[in-house]
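Counting convention: from 1, in listed order, for ligands and their atoms alike. Heavy atoms only: backbone and side chains are in, while hydrogens, waters and symmetry mates are out. Counting begins at 1 with the first residue of the sequence.
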Amino acid sequence: MPDPFRVLVLNQVSASGLKRLPSDTYVVGKEVTDPDAVLLRSADMHAMDIPPGVKAIGRCGAGTNNIPVAAMSARGVPVFNAPGANANAVKELVLAGMLMAARNLAPAQRFVDLLDPGAADLEKAVEAGKKDFAGTELAGQTLGIIGLGKIGSLVADAAIKLGMNVLGYDPEITVDAAWSLPAQVKKAAGVNDVLKSANFITLHVPLLDATRNLVNAKNLALAKQGAVLLNFSREGVVDDEAVLAALDRKDLGWYVCDFPGSRILRHARVIALPHLGASTHEAEENCAVMVADQLRDFLEHGNIANAVNFPNVSMERESRFRVAIANANVPNMLGQISTAMARAGLNIHTMVNKSRGDMAYTLVDVDSPVGEEVIAALKRIGGVLAVRYLPQP
Ligand SMILES: NC(=O)C1=CN([C@@H]2O[C@H](COP(=O)(O)OP(=O)(O)OC[C@H]3O[C@@H](n4cnc5c(N)ncnc54)[C@H](O)[C@@H]3O)[C@@H](O)[C@H]2O)C=CC1
Ligand SMILES: O=C(O)C(=O)COP(=O)(O)O
């Protein structure tokens with residue numbers, strides 16, 4: 001009986017997902033030591049000393065900016081995520097955010113909270129107060145969407161159905177995402193174009209060097225007066241100081257965001273939520289199940305689906321003896337790998353090799369057991385980052 005896989009869990013991950021890792025072959029929990037894999041949501045792994053035995057990381061969500069992806073790539077460790085699994089939850093909260101801003105729901109709620117429940121003129125006070133919270137309807141307004149991936153495209157679809165005009169910008173849109181966009185979405189030339197034209201601007205990009213401070217003092221100066229900015233993306237995508245200045249000048253009407261950094265807390269025109277975008281039972285379950293299944297397929301069979309730093313590679317088992325190799329995407333790796341196997345008298349039954357950027361990944365099924373010396377020889381090949389032997393009973 002092989003040793004069970006050990007999976008360290010860093011956040012509150014849905015039990016439905018954890019159940020996908022059977023207790024006879026997995027030890028899963030928050031106190032697990034010497035883990036083979038880490039499952040998490042938003043815990044910050046940048047400062048963490050990631051144990052050398054970690055073979056995979058599973059982010060039960062979309063964004064991986066909390067994980068040192070480049071360092072994991074250098075170790076040949078895939079970082080899995082759950083594309084689209086929480087997109088509907090975020091879309092619905094974006095709609096809520098637009099409505100909260102358009103209808104002044106936050107100050108209206110505060111007004112009602114302060115009414116005296118015992119007052120004889122309660123109804124009169126309600127009717128007198130409501131004029132301060134009159135708003136606008138969404139239908140007919142223009143929504144600008146920056147980032148048209150899993151979330152952005154769902155937001156576009158919902159906004160069109162609400163009667164909004166939609167303007168989208170995504171310089172790296174995938175073919176699949178482009179196909180899933182409603183035909184009515186108009187293409188913007190850039191962030192400036194979106195800011196100039198939209199009454200509502202919503203951000204759905206990952207936090208990358210290229211997207212840090214994507215919305216800043218320079219482009220906020222172009223915003224339509226009273227425009228509403230929604231940030232369900234990440235804190236660093238927006239320059240908070242610039243937003244505060246734009247709110248104070250009344251250039252922006254509202255800032256709705258899911259990341260209540262210290263600078264924006266308690267501003268009267270900021271609607272801040274505690275990173276709630278993906279916090280629905282459905283999204284938590286979808287993400288955890290998707291990532292746990294991907295992690296299991298990788299740990300047990302070496303197959304890779306939805307790793308942000310690896311190609312998708314999957315191969316049906318054609319023999320009981322499989323070797324999985326992560327290597328740099330440079331010439332002659334396959335030649336060296338097959339030579340090392342041939343030297344040990346191993347016959348390759350079938351193999352698959354794919355690459356993505358600097359990373360390549362190879363699965364090799366051989367006809368007979370693989371000795372430790374072969375695995376050691378494969379590890380010694382320059383450019384090989386990680387080697388795993390995955391025999392089946
Ligand atoms: N508030 C919350 O709880 C949640 C926040 N998020 C955040 O939303 C982000 C997006 O999530 P998904 O839509 O699922 O990811 P996705 O990967 O499907 O879409 C991201 C899109 O952004 C585009 N993009 C990249 N750089 C861009 C740029 N400079 N300008 C315009 N577009 C650019 C990409 O081409 C891609 O189409 C995540 O990376 C995460 O940071 C995601 C889920 C929940
Ligand atoms: O999926 C994402 O990128 C999110 O921001 C959701 O984060 P969470 O899983 O709720 O900690």
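Cation-pi geometry between Arg388 and Phe298 is met: the NZ or CZ atom falls under 6.0 Å from the ring centre, inside 45° of the normal.
Proximity of Asp170 to ligand 1, defined as any heavy-atom pair under 4.0 Å, is shared by backbone and side chain alike. With a 4.0 Å heavy-atom cut-off, ligand 1 is reached by the backbone of Leu148 but not by any atom from C-beta on. Contact annotation for Val205 and ligand 1: heavy atoms of both the backbone and the side chain come within less than 4.0 Å of the ligand.
Salt bridge Asp365/Arg322: present, at least one basic N to carboxylate O contact under 4.0 Å.
For atom 22 (O) of ligand 1, the candidate residues are Gly149, Ala283, Pro206, Gly236; the nearest heavy-atom contact is made by Pro206. Of the listed residues (His204, Arg234, Lys150, Glu172), the one carrying the non-hydrogen atom nearest atom 40 (C) of ligand 1 is Arg234. The closest non-hydrogen atom to atom 42 (C) of ligand 1, taken over Leu154, Val191, Leu207, Ile151, comes from Ile151.
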Legend entry - Test log, rule side-chain contact (heavy atoms from CB on, under 4.5 Å), inputs Ser368 and Leu346: CA-CA 7 Å; Ser368 50; Leu346 291 170; 3.5 Å; yes
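Ligand-side atoms of ligand 1 in range of Gly147: 22 (O), 31 (C), 32 (N), range being under 4.0 angstrom from any heavy atom. Using a 4.0 Å cut-off to heavy atoms of Asp258, the atoms of ligand 1 that qualify are 1 (N), 2 (C), 3 (O). Of all atoms in ligand 1, numbered sequentially from 1 with element shown, those under 4.0 Å from a heavy atom of Asn86 are 43 (C), 44 (C). Every atom of ligand 1 with a heavy atom of Gly277 under 4.0 Å away is listed here by number and element: 1 (N), 2 (C), 3 (O).
Between Pro68 and Ile50 there is a side-chain heavy-atom pair separated by less than 4.5 Å. For the pair Val364 and Phe321, the minimum side-chain heavy-atom distance is 4.5 Å or more.
Considering backbone and side-chain N/O of Ser233, one or more are found under 3.5 Å from N/O of ligand 1. Backbone and side-chain nitrogen or oxygen atoms of Ile146 are examined, and none is located within less than 3.5 angstrom of a nitrogen or oxygen of ligand 1. Note: an N/O pair closer than 3.5 Å links Ala278 and ligand 1 by distance alone.
Using modelled atom types, one side-chain atom of Asn11 and one backbone atom of Arg41 make a donor-acceptor pair closer than 3.5 Å. A donor-acceptor pair under 3.5 Å links the side-chain atoms of Asn312 to the main chain of Asn306, judged by distance alone. Under the 3.5 Å distance criterion, the side-chain polar atoms of Thr211 are matched with a main-chain donor or acceptor of Leu208. Side-chain atoms of Asp36 never come within 3.5 Å of backbone atoms of Phe5 as a donor-acceptor pair (strictly under, hydrogens ignored). Counting only distance, with no hydrogens or angles, the side chain of Asp297 and the backbone of Gln294 share no donor-acceptor pair below 3.5 Å.
Counting heavy atoms of neighbouring residues, nucleotides and ligands inside a 6.0 Å radius, atom CZ of Arg103 does not exceed 12 of them.
The protein heavy atom nearest to atom 5 (C) of ligand 1 is Phe232 O, 3.0 Å. Closest protein heavy atom to atom 26 (N) of ligand 1: Thr211 CG2, 3.8 Å. When only non-hydrogen protein atoms are considered, atom 44 (C) of ligand 1 lies nearest to Val90 CG2, 3.3 Å. Of the protein's non-hydrogen atoms, the one nearest atom 31 (C) of ligand 1 is Pro171 CD, 3.3 Å.
Every heavy atom of Pro83 sits 4.0 Å or more from the atoms of ligand 1. For Ala177, the closest heavy-atom approach to ligand 1 does not fall below 4.0 Å.
In this structure, the ring of Phe259 has its center less than 6.0 angstrom from the ring center of His275.
Contact residues of ligand 2 (protein heavy atom closer than 4.0 angstrom to a ligand atom; sorted by chain and number): Arg41, Ser42, Arg59, Cys60, Gly61, Ala62, Gly63, Asn86, Arg234, His275, Ala278.
In summary, the side chains of Glu282 and Asn286 do not present any donor paired with an acceptor at a separation below 3.5 Å, with no hydrogens or angles considered. When only modelled atom types and interatomic distance are considered, His204 and Asp170 share no side-chain donor-acceptor pair under 3.5 Å.
Residue pairs satisfying the side-chain hydrogen bond (donor to acceptor under 3.5 Å, both in side chains) criterion with at least one member in residues 130-144, sequence neighbours excluded, are listed as follows: Glu127-Lys130.
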